[in-house]
Amino acid sequence: MYQLVLNQLITMALIAIAGFAFAKIVKVSDKEQKFLSKLLLYFVNTCLIIDSFNLEYDAQKFKRFLFAALIALIIQLAMIFVSFFLTHSKNTENRSYNHIDRLAMVLTNCGFIGIPLIKGTLGNSGVFYLMGYLTVFNILAWTWGLYQMSGTISIKKIITNPVILSVVAGLFIFLMPFTLPSPVIRPIQMIGNCNTALAMVMVGILFADFHFSSKYTVRLIKTVLGRLILCPAIALLILFAIWKMNPSVSDARTILFVILICASCPSATTVPGLAALFDKDSAYASLTVSVSSLLCIFSVPAFVALAEQLLK
């Protein structure tokens, strides 16, 4: 599987390079970046999520979805603990950066990177299980993440989040005694299939805005190592322990691989968005996303290869 993951990452990287070149030539503005990000997150991803739930109802499959969500919750709570262990300071300025570092370590790009990567290697069934991770991710991003940045929690932002709403709509479709008819689902599928290309073009555009500052060096190294090495290693240990318990859930190995890939993805693009929203250093937040996205082409296949040896 690690070869499939590596091949998919190389394919995605080539699209990102094309997006980078396009952004450099055309000079994509911040306004255009935000529009593309919203288009991808709120429209294309929503269609992909709904499409992944358009399956005949299966009680065992629903049980597996809940199993994936539970494991995702355990792993993300463990990563939150690790992020606090690695970032603690009484200095006011450092505390501001610590909030960014914690989010960059815990919140992964399981949408922009995870969805196309898992769809390319495990197909729609993998994307279905990924929704369990994505649901927990969005709840944490708009509760714990929002609290880290602002000191408050907004229930409204959770229940009105388009990704959460699309998962709820998808579950409703999945629980119905029939699937959506072809004339309805076909355009949804066509839009959802744009996800991989648009997501990687977006990553390429982010790279085009890459600006390195030496003042971030030590902090950046620690944060990126935490995101790409330490957190996935802890996730793999938890998944290995679950595997050794011999879970009765069918398709357990596939679910564990989906969760591992999600936990191994680079820092989420949500992080600089939240940093900008609450007047934190969004340039540094963007840097963590850019560097972790660049280096994940080495770390993700390595963890998948290690998992293949452990989850036998």
Side-chain angles (χ1 to χ4, degrees), residues 5 67-89 95 97-115 117-118 129-149 153 158 161 163-164 219-243 255-275 280 284-285 287-289 291-293 295-296 298-304 306-307 310-311:
V5 169
F67 178 66
L70 176 61
I71 298 173
L73 178 61
I74 293 169
I75 286 177
Q76 289 182 70
L77 289 176
M79 293 194 297
I80 287 174
F81 176 79
V82 170
S83 72
F84 274 97
F85 178 76
L86 293 177
T87 59
H88 51 84
S89 174
R95 278 208 303 267
Y97 281 102
N98 285 342
H99 295 316
I100 297 174
D101 289 338
R102 288 168 193 162
L103 264 64
M105 287 184 201
V106 175
L107 303 181
T108 71
N109 209 343
C110 53
F112 288 178
I113 303 290
I115 289 177
L117 184 54
I118 289 169
Y129 299 137
L130 179 147
M131 293 309 132
Y133 192 101
L134 198 62
T135 302
V136 175
F137 163 87
N138 275 283
I139 292 172
L140 281 178
W142 294 105
T143 52
W144 174 77
L146 198 64
Y147 181 77
Q148 286 295 307
M149 289 297 188
I153 293 176
I158 299 171
N161 184 286
V163 177
I164 296 292
R219 179 176 291 278
L220 180 67
I221 290 172
K222 182 175 71 172
T223 301
V224 171
L225 288 177
R227 167 80 307 273
L228 296 182
I229 304 298
L230 185 57
C231 284
I234 290 169
L236 182 56
L237 287 174
I238 293 171
L239 294 173
F240 177 68
I242 293 170
W243 180 249
I255 294 170
L256 297 183
F257 269 103
V258 167
I259 300 297
L260 176 65
I261 291 173
C262 287
S264 303
C265 282
S267 300
T269 51
T270 307
V271 179
L274 285 171
K280 308 290 185 183
Y284 170 67
L287 194 59
T288 63
V289 174
V291 174
S292 61
S293 296
L295 297 178
C296 80
F298 305 106
S299 62
V300 175
F303 275 104
V304 170
L306 183 57
L310 294 175
L311 306 182

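- Partners of Tyr133 according to the side chain to side chain donor-acceptor pair (under 3.5 Å) rule, which considers only residues two or more places apart in sequence or in another chain, do not exist here.
- From Ile118, atom CD1 reaches atom CG of Leu134 across 9.5 Å, with rounding to the nearest 0.5 Å.
- Distance check, rounded to the nearest 0.5 Å: OG1 of Thr87 to CD1 of Ile100 gives 11.5 Å.
- Partners of Thr223 according to the side chain to side chain donor-acceptor pair (under 3.5 Å) rule, which considers only residues two or more places apart in sequence or in another chain, are Asp101, Tyr284.
- Nearest heavy atom pair, residue Lys222 against residue Leu86, reads NZ-O, 3.0 Å.
- For Leu73, the side chain to side chain contact (heavy atoms under 4.5 Å, CB included) partners are Leu77, Val136, not counting sequence neighbours.
- Shortest non-hydrogen contact noted between Ile75 and Ala235 is CG2-CB, 3.8 Å.
- Ser267 OG to Leu287 CG: the interatomic distance, rounded to the nearest 0.5 Å, is 10.5 Å.
- For Phe84, the side chain to side chain contact (heavy atoms under 4.5 Å, CB included) partners two or more places apart in sequence, or in a different chain, are Ile80, Arg102, Trp144, Gln148.
- The shortest side-chain heavy-atom distance between Leu256 and Leu260 does not fall under the 4.5 Å cut-off.
- Paired with Pro266 under the rule side-chain contact (heavy atoms from CB on, under 4.5 Å), one option of Leu295, Asn109, Thr108, Val289 passes, and it is Asn109.
- Applying the ring-ring contact (aromatic ring centres under 6.0 Å, His included) rule to Phe67 yields no partners; only residues at least two apart in sequence or on another chain are considered.
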Ignoring hydrogens and angles, write down the donor-acceptor pairs under 3.5 Å from the side chains of residues 226-233, residues two or more places apart or on other chains.
from: Arg227; atom 1: NE; to: Met105; atom 2: O; distance (Å): 2.6
from: Arg227; atom 1: NH1; to: Ala263; atom 2: O; distance (Å): 2.9
from: Arg227; atom 1: NH1; to: Cys265; atom 2: O; distance (Å): 2.6
from: Arg227; atom 1: NH2; to: Met105; atom 2: O; distance (Å): 2.9
from: Arg227; atom 1: NH2; to: Ala263; atom 2: O; distance (Å): 3.2

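- Between atom CG of residue Leu225 and atom OG of residue Ser299 there is a gap of 10.0 Å, rounded to the nearest 0.5 Å.
- Residues that satisfy the side chain to side chain contact (heavy atoms under 4.5 Å, CB included) test with Ala78, not counting sequence neighbours, are Ile234, Ile238.
- Phe303 places a side-chain heavy atom less than 4.5 Å from the side chain of Leu236.
- From Ile113, atom CD1 reaches atom OG of Ser293 across 5.5 Å, with rounding to the nearest 0.5 Å.
- Rounding to the nearest 0.5 Å gives a distance of 6.5 Å between CH2 of Trp243 and CG of Leu311.
- Across every non-hydrogen atom of Val271 and Met149, the tightest pair is O-CE, 4.4 Å.
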